[in-house]
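As the structure lists them, so they are numbered: ligands from 1, and atoms in each ligand from 1.
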Amino acid sequence: AEANVGVVGLAAMGASLSRNLARHGYKVAVYNRTYARTENFMKNYASEGEFFPSKTVREFVDSLEKPRVAIIMVKAGQPTDDVIEELAAVMDKGDIIVDAGNAYFKDTMRREKAMAARGIHFVGCGVSGGEEGALLGPSMMPGGSDESWERLKPMFEAIAAKASDGTPCVAHIGPNGAGHFVKMVHNGIEYADMQLIAESYDLMRRGLKMTPAEIGDVFEQWNKTDLDSYLVEITAEVLHKVDDKTGMPLVDVIVDHAGMKGTGTWTVQTALSLEVPVTGIAEAVFARGLSGQTELREKAQADPFDGPDPKFDVDDEQRDDFIEHIRKALYASKIVAYAQGFNEIAAAGKHYGWDIDMAEVARIWRAGCIIRAKFLDRISEAFESGTADISLLFAPYFKSGIQEDEPSWRAVVEQAVRHGIPCPVFSSSLAYFDGLRSKRLPASLIQGQRDLFGAHTYQRVDEPGVFHTLWTEPGKPEIKEK
Ligand code: NDP
(Lines give C-alpha, C1' and ligand atoms only; values in the text may rest on other atoms or scores of the structure.)
Protein backbone atom coordinates (compact mmCIF):
# COMPACT_ATOMS: atom_id res chain seq x y z
CA ALA A 1 0.00 0.00 0.00
CA GLU A 2 1.82 3.05 -1.24
CA ALA A 3 -0.51 5.22 -3.27
CA ASN A 4 -2.30 8.15 -1.61
CA VAL A 5 -5.27 8.03 -3.93
CA GLY A 6 -6.56 5.97 -6.83
CA VAL A 7 -8.39 6.76 -10.03
CA VAL A 8 -10.60 4.26 -11.85
CA GLY A 9 -11.23 5.09 -15.50
CA LEU A 10 -8.46 6.52 -17.63
CA ALA A 11 -10.41 8.03 -20.52
CA ALA A 12 -10.07 11.79 -21.10
CA MET A 13 -11.35 12.93 -17.70
CA GLY A 14 -9.78 10.26 -15.49
CA ALA A 15 -6.39 10.57 -17.15
CA SER A 16 -6.36 14.33 -16.69
CA LEU A 17 -7.46 14.10 -13.07
CA SER A 18 -4.78 11.49 -12.33
CA ARG A 19 -2.10 13.70 -13.85
CA ASN A 20 -3.40 16.70 -11.91
CA LEU A 21 -3.14 14.72 -8.66
CA ALA A 22 0.36 13.51 -9.50
CA ARG A 23 1.51 16.99 -10.43
CA HIS A 24 0.52 18.04 -6.93
CA GLY A 25 2.75 15.42 -5.36
CA TYR A 26 0.17 12.69 -4.77
CA LYS A 27 1.06 9.10 -5.49
CA VAL A 28 -1.71 7.90 -7.74
CA ALA A 29 -2.93 4.34 -8.29
CA VAL A 30 -4.53 3.99 -11.70
CA TYR A 31 -6.89 1.34 -13.00
CA ASN A 32 -8.94 0.98 -16.15
CA ARG A 33 -11.23 -1.89 -17.19
CA THR A 34 -9.31 -2.32 -20.43
CA TYR A 35 -5.66 -2.61 -19.48
CA ALA A 36 -4.43 -1.29 -22.82
CA ARG A 37 -5.70 2.14 -21.80
CA THR A 38 -3.68 1.94 -18.57
CA GLU A 39 -0.58 0.94 -20.52
CA ASN A 40 -1.11 3.78 -22.89
CA PHE A 41 -1.53 6.19 -19.98
CA MET A 42 1.73 5.00 -18.41
CA LYS A 43 3.54 5.27 -21.71
CA ASN A 44 2.50 8.89 -22.13
CA TYR A 45 2.49 10.27 -18.60
CA ALA A 46 4.53 8.07 -16.25
CA SER A 47 7.24 10.72 -16.17
CA GLU A 48 4.86 13.36 -14.78
CA GLY A 49 4.66 11.84 -11.31
CA GLU A 50 4.39 8.66 -9.26
CA PHE A 51 1.77 6.33 -10.67
CA PHE A 52 0.90 2.79 -9.61
CA PRO A 53 -0.80 0.96 -12.48
CA SER A 54 -2.94 -2.08 -11.67
CA LYS A 55 -4.38 -4.84 -13.81
CA THR A 56 -7.16 -5.81 -11.41
CA VAL A 57 -9.46 -4.01 -9.01
CA ARG A 58 -8.05 -6.01 -6.10
CA GLU A 59 -4.49 -5.07 -6.99
CA PHE A 60 -5.64 -1.44 -7.33
CA VAL A 61 -7.34 -1.42 -3.92
CA ASP A 62 -4.38 -3.16 -2.29
CA SER A 63 -2.05 -0.46 -3.58
CA LEU A 64 -3.92 2.28 -1.69
CA GLU A 65 -3.02 3.55 1.77
CA LYS A 66 -5.85 3.42 4.36
CA PRO A 67 -8.42 4.81 4.72
CA ARG A 68 -8.48 4.37 0.97
CA VAL A 69 -9.66 6.97 -1.50
CA ALA A 70 -10.78 5.72 -4.92
CA ILE A 71 -12.04 8.25 -7.45
CA ILE A 72 -14.28 6.85 -10.18
CA MET A 73 -14.21 8.58 -13.59
CA VAL A 74 -16.10 6.20 -15.86
CA LYS A 75 -19.17 6.42 -18.07
CA ALA A 76 -22.16 7.60 -16.04
CA GLY A 77 -25.03 5.20 -15.32
CA GLN A 78 -24.70 1.41 -15.09
CA PRO A 79 -20.88 1.41 -15.61
CA THR A 80 -20.57 3.56 -12.49
CA ASP A 81 -22.74 1.13 -10.51
CA ASP A 82 -20.63 -1.77 -11.77
CA VAL A 83 -17.38 -0.13 -10.71
CA ILE A 84 -18.77 0.87 -7.30
CA GLU A 85 -19.78 -2.74 -6.69
CA GLU A 86 -16.39 -4.08 -7.73
CA LEU A 87 -14.59 -1.63 -5.46
CA ALA A 88 -16.91 -2.08 -2.47
CA ALA A 89 -16.46 -5.84 -2.66
CA VAL A 90 -12.77 -5.51 -1.81
CA MET A 91 -12.67 -2.25 0.18
CA ASP A 92 -12.92 -1.92 3.97
CA LYS A 93 -15.14 0.03 6.32
CA GLY A 94 -14.08 3.67 6.48
CA ASP A 95 -12.76 3.71 2.91
CA ILE A 96 -13.98 6.41 0.53
CA ILE A 97 -15.37 6.04 -2.97
CA VAL A 98 -15.69 9.28 -4.94
CA ASP A 99 -17.81 9.33 -8.09
CA ALA A 100 -16.51 12.28 -10.07
CA GLY A 101 -18.56 11.51 -13.19
CA ASN A 102 -21.73 13.28 -14.23
CA ALA A 103 -24.15 11.25 -12.12
CA TYR A 104 -27.82 12.05 -11.66
CA PHE A 105 -28.14 13.24 -8.07
CA LYS A 106 -30.81 10.69 -7.19
CA ASP A 107 -28.46 7.91 -8.29
CA THR A 108 -25.85 9.43 -6.00
CA MET A 109 -28.33 9.46 -3.11
CA ARG A 110 -29.16 5.79 -3.74
CA ARG A 111 -25.49 4.82 -3.98
CA GLU A 112 -24.54 6.77 -0.87
CA LYS A 113 -27.24 5.01 1.11
CA ALA A 114 -26.18 1.59 -0.11
CA MET A 115 -22.50 2.25 0.64
CA ALA A 116 -23.21 3.81 4.05
CA ALA A 117 -24.98 0.59 4.99
CA ARG A 118 -21.70 -1.21 4.25
CA GLY A 119 -19.60 1.30 6.20
CA ILE A 120 -18.10 2.88 3.08
CA HIS A 121 -18.18 6.64 2.51
CA PHE A 122 -19.60 7.50 -0.86
CA VAL A 123 -18.95 10.98 -2.22
CA GLY A 124 -20.75 12.26 -5.29
CA CYS A 125 -18.50 14.96 -6.69
CA GLY A 126 -19.53 17.28 -9.51
CA VAL A 127 -16.52 18.20 -11.63
CA SER A 128 -16.69 21.02 -14.17
CA GLY A 129 -14.19 22.32 -16.64
CA GLY A 130 -13.92 19.48 -19.11
CA GLU A 131 -10.69 17.67 -19.87
CA GLU A 132 -8.53 20.77 -19.57
CA GLY A 133 -10.15 21.71 -16.26
CA ALA A 134 -9.56 18.22 -14.89
CA LEU A 135 -5.88 18.59 -15.75
CA LEU A 136 -5.19 22.20 -14.81
CA GLY A 137 -7.77 22.66 -12.06
CA PRO A 138 -11.51 22.01 -12.20
CA SER A 139 -14.30 23.47 -10.14
CA MET A 140 -15.31 20.67 -7.77
CA MET A 141 -18.61 20.12 -5.98
CA PRO A 142 -18.35 17.19 -3.57
CA GLY A 143 -21.29 15.88 -1.55
CA GLY A 144 -20.89 13.31 1.21
CA SER A 145 -20.15 12.78 4.89
CA ASP A 146 -18.22 15.33 6.96
CA GLU A 147 -15.71 12.62 7.80
CA SER A 148 -14.91 11.91 4.17
CA TRP A 149 -14.60 15.62 3.46
CA GLU A 150 -11.98 15.96 6.15
CA ARG A 151 -9.89 13.32 4.40
CA LEU A 152 -10.47 14.71 0.89
CA LYS A 153 -10.20 18.42 1.64
CA PRO A 154 -6.41 18.94 1.33
CA MET A 155 -6.23 16.84 -1.81
CA PHE A 156 -9.20 18.47 -3.51
CA GLU A 157 -8.05 21.94 -2.53
CA ALA A 158 -4.67 21.19 -4.09
CA ILE A 159 -6.04 20.05 -7.45
CA ALA A 160 -9.01 22.43 -7.79
CA ALA A 161 -8.92 25.63 -9.82
CA LYS A 162 -7.86 28.74 -7.92
CA ALA A 163 -9.92 31.90 -8.08
CA SER A 164 -8.13 35.22 -8.65
CA ASP A 165 -7.87 35.71 -4.87
CA GLY A 166 -6.15 32.33 -4.60
CA THR A 167 -8.99 30.41 -2.95
CA PRO A 168 -9.57 26.91 -4.28
CA CYS A 169 -12.78 26.33 -6.23
CA VAL A 170 -14.00 23.43 -4.15
CA ALA A 171 -16.26 23.26 -1.11
CA HIS A 172 -18.15 20.58 0.75
CA ILE A 173 -21.61 21.20 -0.69
CA GLY A 174 -23.56 18.95 1.66
CA PRO A 175 -24.45 15.30 2.20
CA ASN A 176 -25.12 12.58 -0.40
CA GLY A 177 -26.53 14.03 -3.65
CA ALA A 178 -25.93 17.72 -2.86
CA GLY A 179 -22.73 17.99 -4.90
CA HIS A 180 -24.10 16.36 -8.01
CA PHE A 181 -27.26 18.43 -7.65
CA VAL A 182 -25.28 21.67 -7.66
CA LYS A 183 -23.26 20.42 -10.65
CA MET A 184 -26.51 19.66 -12.46
CA VAL A 185 -27.82 23.19 -11.91
CA HIS A 186 -24.43 24.56 -12.94
CA ASN A 187 -24.96 22.83 -16.28
CA GLY A 188 -28.53 24.14 -16.51
CA ILE A 189 -27.28 27.69 -16.00
CA GLU A 190 -24.62 26.99 -18.60
CA TYR A 191 -27.38 26.11 -21.10
CA ALA A 192 -29.16 29.42 -20.38
CA ASP A 193 -25.93 31.40 -20.58
CA MET A 194 -24.97 29.84 -23.92
CA GLN A 195 -28.45 30.36 -25.37
CA LEU A 196 -28.45 34.03 -24.29
CA ILE A 197 -25.13 34.54 -26.02
CA ALA A 198 -26.47 32.74 -29.11
CA GLU A 199 -29.58 34.93 -29.10
CA SER A 200 -27.44 38.07 -28.84
CA TYR A 201 -25.42 36.86 -31.81
CA ASP A 202 -28.57 36.14 -33.82
CA LEU A 203 -30.01 39.59 -33.07
CA MET A 204 -26.82 41.25 -34.31
CA ARG A 205 -26.44 38.90 -37.25
CA ARG A 206 -29.96 39.02 -38.60
CA GLY A 207 -31.38 42.13 -36.98
CA LEU A 208 -28.36 44.38 -37.49
CA LYS A 209 -26.88 42.53 -40.49
CA MET A 210 -23.44 42.26 -38.90
CA THR A 211 -20.80 39.72 -39.91
CA PRO A 212 -19.59 37.00 -37.53
CA ALA A 213 -16.20 38.73 -37.26
CA GLU A 214 -17.84 42.06 -36.37
CA ILE A 215 -19.94 40.30 -33.76
CA GLY A 216 -16.83 38.56 -32.47
CA ASP A 217 -15.31 42.01 -31.95
CA VAL A 218 -18.40 43.03 -29.98
CA PHE A 219 -18.09 40.00 -27.69
CA GLU A 220 -14.43 40.82 -27.20
CA GLN A 221 -15.46 44.28 -26.01
CA TRP A 222 -18.23 42.86 -23.84
CA ASN A 223 -15.68 40.67 -22.13
CA LYS A 224 -14.24 43.87 -20.61
CA THR A 225 -17.60 44.71 -18.98
CA ASP A 226 -19.85 43.11 -16.35
CA LEU A 227 -20.19 40.24 -18.83
CA ASP A 228 -16.54 39.23 -18.41
CA SER A 229 -16.71 35.44 -18.55
CA TYR A 230 -15.24 32.34 -20.13
CA LEU A 231 -18.28 31.78 -22.36
CA VAL A 232 -18.20 35.33 -23.75
CA GLU A 233 -14.45 34.98 -24.33
CA ILE A 234 -14.75 31.72 -26.28
CA THR A 235 -17.70 33.12 -28.24
CA ALA A 236 -15.42 35.81 -29.66
CA GLU A 237 -12.93 33.11 -30.60
CA VAL A 238 -15.56 30.94 -32.31
CA LEU A 239 -16.96 33.91 -34.25
CA HIS A 240 -13.52 34.96 -35.46
CA LYS A 241 -12.67 31.46 -36.68
CA VAL A 242 -12.47 31.02 -40.44
CA ASP A 243 -13.06 27.58 -41.95
CA ASP A 244 -9.87 26.27 -43.58
CA LYS A 245 -11.75 24.38 -46.26
CA THR A 246 -14.14 27.06 -47.51
CA GLY A 247 -12.69 30.32 -46.21
CA MET A 248 -16.10 31.06 -44.72
CA PRO A 249 -16.77 31.95 -41.10
CA LEU A 250 -16.72 28.59 -39.31
CA VAL A 251 -20.03 29.36 -37.60
CA ASP A 252 -21.66 29.38 -41.06
CA VAL A 253 -20.50 25.90 -41.98
CA ILE A 254 -21.46 24.26 -38.68
CA VAL A 255 -24.84 22.48 -38.78
CA ASP A 256 -27.28 24.39 -36.58
CA HIS A 257 -28.40 21.47 -34.40
CA ALA A 258 -27.31 21.91 -30.80
CA GLY A 259 -26.40 18.68 -29.04
CA MET A 260 -27.05 17.88 -25.42
CA LYS A 261 -26.16 15.14 -22.99
CA GLY A 262 -29.03 15.47 -20.55
CA THR A 263 -27.95 17.55 -17.56
CA GLY A 264 -30.00 20.54 -18.79
CA THR A 265 -33.04 18.32 -19.12
CA TRP A 266 -32.48 16.95 -15.60
CA THR A 267 -32.27 20.50 -14.26
CA VAL A 268 -35.63 21.37 -15.77
CA GLN A 269 -37.33 18.09 -14.83
CA THR A 270 -36.14 18.50 -11.25
CA ALA A 271 -37.24 22.14 -11.16
CA LEU A 272 -40.69 21.08 -12.31
CA SER A 273 -40.99 18.54 -9.52
CA LEU A 274 -39.70 21.04 -6.96
CA GLU A 275 -42.10 23.64 -8.43
CA VAL A 276 -39.39 26.21 -9.07
CA PRO A 277 -39.81 28.24 -12.26
CA VAL A 278 -36.51 28.07 -14.12
CA THR A 279 -37.88 29.60 -17.29
CA GLY A 280 -34.51 30.70 -18.66
CA ILE A 281 -32.97 27.25 -18.38
CA ALA A 282 -36.13 25.55 -19.66
CA GLU A 283 -36.31 27.77 -22.74
CA ALA A 284 -32.64 27.15 -23.39
CA VAL A 285 -33.18 23.39 -23.30
CA PHE A 286 -36.23 23.69 -25.54
CA ALA A 287 -34.32 25.93 -27.96
CA ARG A 288 -31.71 23.19 -28.37
CA GLY A 289 -34.59 20.75 -28.80
CA LEU A 290 -36.17 22.84 -31.56
CA SER A 291 -32.83 23.16 -33.34
CA GLY A 292 -32.70 19.37 -33.57
CA GLN A 293 -36.25 18.89 -34.90
CA THR A 294 -35.07 18.24 -38.44
CA GLU A 295 -38.33 17.07 -39.95
CA LEU A 296 -40.32 19.92 -38.46
CA ARG A 297 -37.77 22.51 -39.54
CA GLU A 298 -37.50 21.11 -43.07
CA LYS A 299 -41.26 21.16 -43.40
CA ALA A 300 -41.35 24.77 -42.21
CA GLN A 301 -38.84 25.70 -44.94
CA ALA A 302 -40.60 23.72 -47.68
CA ASP A 303 -44.03 25.01 -46.68
CA PRO A 304 -43.07 28.40 -45.27
CA PHE A 305 -45.04 30.72 -43.03
CA ASP A 306 -45.09 34.41 -43.86
CA GLY A 307 -43.54 36.83 -41.39
CA PRO A 308 -41.70 40.10 -41.08
CA ASP A 309 -38.28 40.90 -42.47
CA PRO A 310 -35.76 40.20 -39.72
CA LYS A 311 -34.04 43.56 -40.16
CA PHE A 312 -34.34 45.91 -37.20
CA ASP A 313 -35.51 49.53 -37.48
CA VAL A 314 -32.04 50.67 -36.54
CA ASP A 315 -29.99 52.86 -38.87
CA ASP A 316 -26.23 52.97 -39.01
CA GLU A 317 -25.85 55.84 -36.54
CA GLN A 318 -28.03 54.01 -34.01
CA ARG A 319 -26.27 50.69 -34.42
CA ASP A 320 -23.77 51.03 -31.59
CA ASP A 321 -26.50 52.19 -29.23
CA PHE A 322 -28.59 49.20 -30.13
CA ILE A 323 -25.64 46.84 -29.58
CA GLU A 324 -25.40 48.35 -26.11
CA HIS A 325 -29.11 47.64 -25.60
CA ILE A 326 -28.43 44.01 -26.51
CA ARG A 327 -25.56 43.86 -24.04
CA LYS A 328 -27.79 45.16 -21.28
CA ALA A 329 -30.59 42.77 -22.24
CA LEU A 330 -28.12 39.92 -22.10
CA TYR A 331 -26.91 40.97 -18.68
CA ALA A 332 -30.42 41.36 -17.25
CA SER A 333 -31.56 38.01 -18.67
CA LYS A 334 -28.44 36.36 -17.35
CA ILE A 335 -29.13 37.62 -13.84
CA VAL A 336 -32.63 36.13 -14.08
CA ALA A 337 -31.28 32.76 -15.25
CA TYR A 338 -28.77 32.63 -12.40
CA ALA A 339 -31.37 33.77 -9.87
CA GLN A 340 -33.67 30.98 -11.01
CA GLY A 341 -30.88 28.40 -10.84
CA PHE A 342 -29.98 29.44 -7.31
CA ASN A 343 -33.65 29.26 -6.37
CA GLU A 344 -33.67 25.68 -7.56
CA ILE A 345 -30.64 24.86 -5.40
CA ALA A 346 -32.31 26.51 -2.40
CA ALA A 347 -35.52 24.56 -2.97
CA ALA A 348 -33.63 21.28 -3.22
CA GLY A 349 -31.68 22.17 -0.10
CA LYS A 350 -34.94 22.56 1.75
CA HIS A 351 -36.55 19.49 0.23
CA TYR A 352 -33.66 17.12 0.81
CA GLY A 353 -32.44 18.64 4.06
CA TRP A 354 -29.13 19.85 2.64
CA ASP A 355 -27.62 22.90 4.22
CA ILE A 356 -26.18 24.50 1.09
CA ASP A 357 -24.18 27.70 1.40
CA MET A 358 -25.10 29.68 -1.73
CA ALA A 359 -22.24 32.15 -1.31
CA GLU A 360 -19.86 29.20 -1.33
CA VAL A 361 -21.46 27.76 -4.46
CA ALA A 362 -20.97 31.07 -6.28
CA ARG A 363 -17.42 31.24 -4.99
CA ILE A 364 -16.39 27.82 -6.31
CA TRP A 365 -17.84 28.62 -9.74
CA ARG A 366 -15.48 31.58 -10.13
CA ALA A 367 -12.74 29.54 -11.77
CA GLY A 368 -12.27 26.16 -13.42
CA CYS A 369 -15.82 25.69 -14.61
CA ILE A 370 -17.58 26.60 -17.85
CA ILE A 371 -19.77 29.35 -16.33
CA ARG A 372 -16.85 31.05 -14.62
CA ALA A 373 -17.46 34.77 -14.73
CA LYS A 374 -16.49 37.97 -13.03
CA PHE A 375 -19.96 38.65 -11.71
CA LEU A 376 -19.89 35.47 -9.56
CA ASP A 377 -17.89 37.54 -7.08
CA ARG A 378 -20.91 39.82 -6.83
CA ILE A 379 -23.29 36.87 -6.50
CA SER A 380 -21.20 35.47 -3.71
CA GLU A 381 -21.20 38.83 -1.91
CA ALA A 382 -24.96 39.10 -2.37
CA PHE A 383 -25.60 35.76 -0.69
CA GLU A 384 -23.10 36.52 2.02
CA SER A 385 -24.85 39.78 2.87
CA GLY A 386 -28.19 37.99 3.21
CA THR A 387 -29.86 40.23 0.62
CA ALA A 388 -30.32 37.42 -1.91
CA ASP A 389 -32.08 34.93 0.36
CA ILE A 390 -35.39 35.10 -1.51
CA SER A 391 -33.90 35.83 -4.91
CA LEU A 392 -30.67 37.17 -6.29
CA LEU A 393 -32.79 39.79 -8.04
CA PHE A 394 -33.33 41.59 -4.71
CA ALA A 395 -29.66 41.98 -3.86
CA PRO A 396 -29.03 45.74 -4.27
CA TYR A 397 -26.24 45.35 -6.81
CA PHE A 398 -28.36 43.18 -9.11
CA LYS A 399 -31.62 44.99 -8.44
CA SER A 400 -30.15 48.31 -9.52
CA GLY A 401 -28.39 46.66 -12.46
CA ILE A 402 -31.53 45.04 -13.75
CA GLN A 403 -33.49 48.23 -13.15
CA GLU A 404 -31.00 50.22 -15.17
CA ASP A 405 -31.02 47.69 -18.00
CA GLU A 406 -34.78 47.20 -18.08
CA PRO A 407 -35.58 49.74 -20.84
CA SER A 408 -32.89 48.24 -23.08
CA TRP A 409 -34.11 44.73 -22.34
CA ARG A 410 -37.63 45.68 -23.37
CA ALA A 411 -36.43 47.54 -26.48
CA VAL A 412 -34.48 44.50 -27.64
CA VAL A 413 -37.30 42.03 -27.06
CA GLU A 414 -39.70 44.45 -28.77
CA GLN A 415 -37.54 44.67 -31.91
CA ALA A 416 -36.98 40.92 -31.90
CA VAL A 417 -40.71 40.19 -31.67
CA ARG A 418 -41.60 42.84 -34.25
CA HIS A 419 -39.06 41.46 -36.73
CA GLY A 420 -39.53 37.79 -36.04
CA ILE A 421 -36.17 36.81 -34.57
CA PRO A 422 -36.76 34.32 -31.76
CA CYS A 423 -35.11 35.15 -28.44
CA PRO A 424 -36.82 32.70 -26.08
CA VAL A 425 -34.52 33.21 -23.10
CA PHE A 426 -34.43 37.02 -23.41
CA SER A 427 -38.20 37.18 -23.64
CA SER A 428 -39.05 34.54 -21.05
CA SER A 429 -36.67 36.17 -18.57
CA LEU A 430 -38.36 39.49 -19.16
CA ALA A 431 -41.76 37.82 -18.69
CA TYR A 432 -40.55 36.37 -15.38
CA PHE A 433 -39.37 39.81 -14.30
CA ASP A 434 -42.69 41.38 -15.30
CA GLY A 435 -44.51 38.57 -13.52
CA LEU A 436 -42.66 39.49 -10.34
CA ARG A 437 -43.53 43.15 -10.85
CA SER A 438 -47.24 42.43 -11.24
CA LYS A 439 -49.31 43.07 -8.15
CA ARG A 440 -52.11 40.89 -9.50
CA LEU A 441 -51.57 37.96 -11.84
CA PRO A 442 -54.29 36.39 -13.97
CA ALA A 443 -53.86 33.27 -11.86
CA SER A 444 -57.09 34.38 -10.18
CA LEU A 445 -58.89 33.63 -13.43
CA ILE A 446 -57.22 30.24 -13.65
CA GLN A 447 -58.42 29.45 -10.14
CA GLY A 448 -61.93 30.46 -11.23
CA GLN A 449 -61.73 28.17 -14.25
CA ARG A 450 -60.44 25.31 -12.13
CA ASP A 451 -63.22 25.79 -9.63
CA LEU A 452 -65.83 25.81 -12.39
CA PHE A 453 -64.76 22.70 -14.25
CA GLY A 454 -63.32 20.68 -11.43
CA ALA A 455 -64.54 22.12 -8.13
CA HIS A 456 -60.87 22.67 -7.27
CA THR A 457 -61.81 25.52 -4.86
CA TYR A 458 -60.08 28.86 -4.38
CA GLN A 459 -59.05 31.28 -1.67
CA ARG A 460 -60.47 34.80 -1.34
CA VAL A 461 -58.58 38.04 -0.89
CA ASP A 462 -60.96 39.27 1.82
CA GLU A 463 -61.53 36.24 4.02
CA PRO A 464 -59.53 33.19 5.11
CA GLY A 465 -60.71 29.69 4.16
CA VAL A 466 -61.31 27.58 1.08
CA PHE A 467 -64.24 28.39 -1.21
CA HIS A 468 -66.21 26.78 -3.98
CA THR A 469 -68.85 28.52 -6.06
CA LEU A 470 -72.02 26.66 -7.04
CA TRP A 471 -71.59 27.59 -10.70
CA THR A 472 -74.62 25.76 -12.10
CA GLU A 473 -77.12 27.02 -9.60
CA PRO A 474 -77.45 30.75 -10.12
CA GLY A 475 -78.59 32.69 -7.12
CA LYS A 476 -77.22 30.15 -4.65
CA PRO A 477 -74.52 31.48 -2.35
CA GLU A 478 -71.02 30.18 -2.56
CA ILE A 479 -70.22 27.60 0.05
CA LYS A 480 -67.23 27.48 2.27
CA GLU A 481 -65.27 24.29 2.77
CA LYS A 482 -63.03 23.46 5.63
P1 NDP B 1 -16.35 8.21 -20.84
O2 NDP B 1 -17.61 8.77 -20.28
O3 NDP B 1 -16.18 8.18 -22.31
O4 NDP B 1 -16.14 6.75 -20.27
C5 NDP B 1 -15.05 5.96 -20.65
C6 NDP B 1 -14.45 5.30 -19.46
O7 NDP B 1 -15.44 4.52 -18.76
C8 NDP B 1 -13.36 4.34 -19.86
O9 NDP B 1 -12.36 4.39 -18.87
C10 NDP B 1 -14.09 3.03 -19.86
O11 NDP B 1 -13.26 1.92 -19.70
C12 NDP B 1 -14.96 3.18 -18.65
N13 NDP B 1 -16.08 2.25 -18.61
C14 NDP B 1 -17.16 2.23 -19.40
N15 NDP B 1 -17.97 1.25 -19.05
C16 NDP B 1 -17.40 0.60 -18.03
C17 NDP B 1 -17.76 -0.49 -17.22
N18 NDP B 1 -18.92 -1.14 -17.41
N19 NDP B 1 -16.92 -0.88 -16.25
C20 NDP B 1 -15.77 -0.23 -16.04
N21 NDP B 1 -15.37 0.83 -16.76
C22 NDP B 1 -16.18 1.25 -17.74
O23 NDP B 1 -15.09 8.96 -20.19
P24 NDP B 1 -14.83 10.51 -19.94
O25 NDP B 1 -13.44 10.60 -19.43
O26 NDP B 1 -15.24 11.33 -21.09
O27 NDP B 1 -15.83 10.86 -18.75
C28 NDP B 1 -15.78 10.23 -17.48
C29 NDP B 1 -16.90 10.78 -16.62
O30 NDP B 1 -16.74 12.18 -16.50
C31 NDP B 1 -18.30 10.57 -17.18
O32 NDP B 1 -19.19 10.34 -16.11
C33 NDP B 1 -18.64 11.87 -17.84
O34 NDP B 1 -20.03 12.13 -17.83
C35 NDP B 1 -17.90 12.83 -17.00
N36 NDP B 1 -17.46 13.95 -17.80
C37 NDP B 1 -17.38 15.12 -17.26
C38 NDP B 1 -16.97 16.20 -17.95
C39 NDP B 1 -16.87 17.43 -17.27
O40 NDP B 1 -16.63 18.47 -17.87
N41 NDP B 1 -17.05 17.39 -15.99
C42 NDP B 1 -16.59 16.18 -19.35
C43 NDP B 1 -16.64 14.88 -19.84
C44 NDP B 1 -17.09 13.83 -19.08
P45 NDP B 1 -12.69 1.12 -21.00
O46 NDP B 1 -11.43 1.83 -21.37
O47 NDP B 1 -12.45 -0.24 -20.48
O48 NDP B 1 -13.73 1.19 -22.05
Task: Side chain proximity check, Val242 to Met248, heavy atoms < 4.5 angstrom - done: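 Answer no - side chains too far apart.
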Task: Residue among Phe383, Phe342, Tyr230 satisfying ring pair (Phe, Tyr, Trp, His ring centres under 6.0 Å) with Trp365 - done: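 Answer to the ring pair (Phe, Tyr, Trp, His ring centres under 6.0 Å) test with Trp365 among Phe383, Phe342, Tyr230: Phe342.
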Return yes or no for this condition: an N or O of [X] is under 3.5 Å from an N or O of ligand 1.
X      : value
Lys75  : yes
Val127 : yes
Ala100 : no
Arg33  : yes
Asn32  : yes
Val74  : yes

Open item on the list: Can you tell me which portion of Val83 lies within the under-4.0 Å heavy-atom range of ligand 1? Options are side chain, backbone, both, or neither.
Closed with: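 Just the side chain.
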- [ ] State which residues pass side-chain contact (heavy atoms from CB on, under 4.5 Å) with Leu436; sequence neighbours excluded, sorted by chain then number.
- [x]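 In terms of side-chain contact (heavy atoms from CB on, under 4.5 Å), with neighbours along the sequence ignored, Leu436 is linked to Leu393, Tyr432.
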Task: Heavy-atom pair of closest approach, residues Val278 and Gln340 - done: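 Of all heavy-atom pairs spanning Val278 and Gln340, the closest is C-OE1, 3.4 Å.
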Open item on the list: Determine whether Ile281 and Ile189 satisfy the following criterion, side-chain contact (heavy atoms from CB on, under 4.5 Å), listing intermediate values before the conclusion.
Closed with: CA-CA 6 Å; Ile281 300 170; Ile189 291 174; 4.2 Å; yes
Task: Arg58, CZ atom: more than 12 neighbouring heavy atoms under 6.0 Å - done: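 No.
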- [ ] May I have the step-by-step check of side-chain contact (heavy atoms from CB on, under 4.5 Å) for Thr263 and Tyr191, ending in yes or no?
- [x] CA-CA 9 Å; Thr263 43; Tyr191 274 59; 4.2 Å; yes
Task: Gly77, Ala103, Gly130: member with heavy atom nearest to atom 40 (O) of ligand 1 - done: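 Minimum heavy-atom distance to atom 40 (O) of ligand 1 goes to Gly130.
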TODO: Select the closest option to atom 39 (C) of ligand 1 among Glu132, Arg37, Met13, judged by heavy-atom distance.
DONE: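 Nearest option to atom 39 (C) of ligand 1, by heavy atoms: Met13.
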Among all protein heavy atoms, pick out the one at the shortest distance from [atom]; state its residue, atom name and that distance to 0.1 Å.
atom                    : result
atom 23 (O) of ligand 1 : Ala11 CB, 3.4 Å
atom 47 (O) of ligand 1 : Thr34 OG1, 2.5 Å
atom 28 (C) of ligand 1 : Met73 O, 3.6 Å

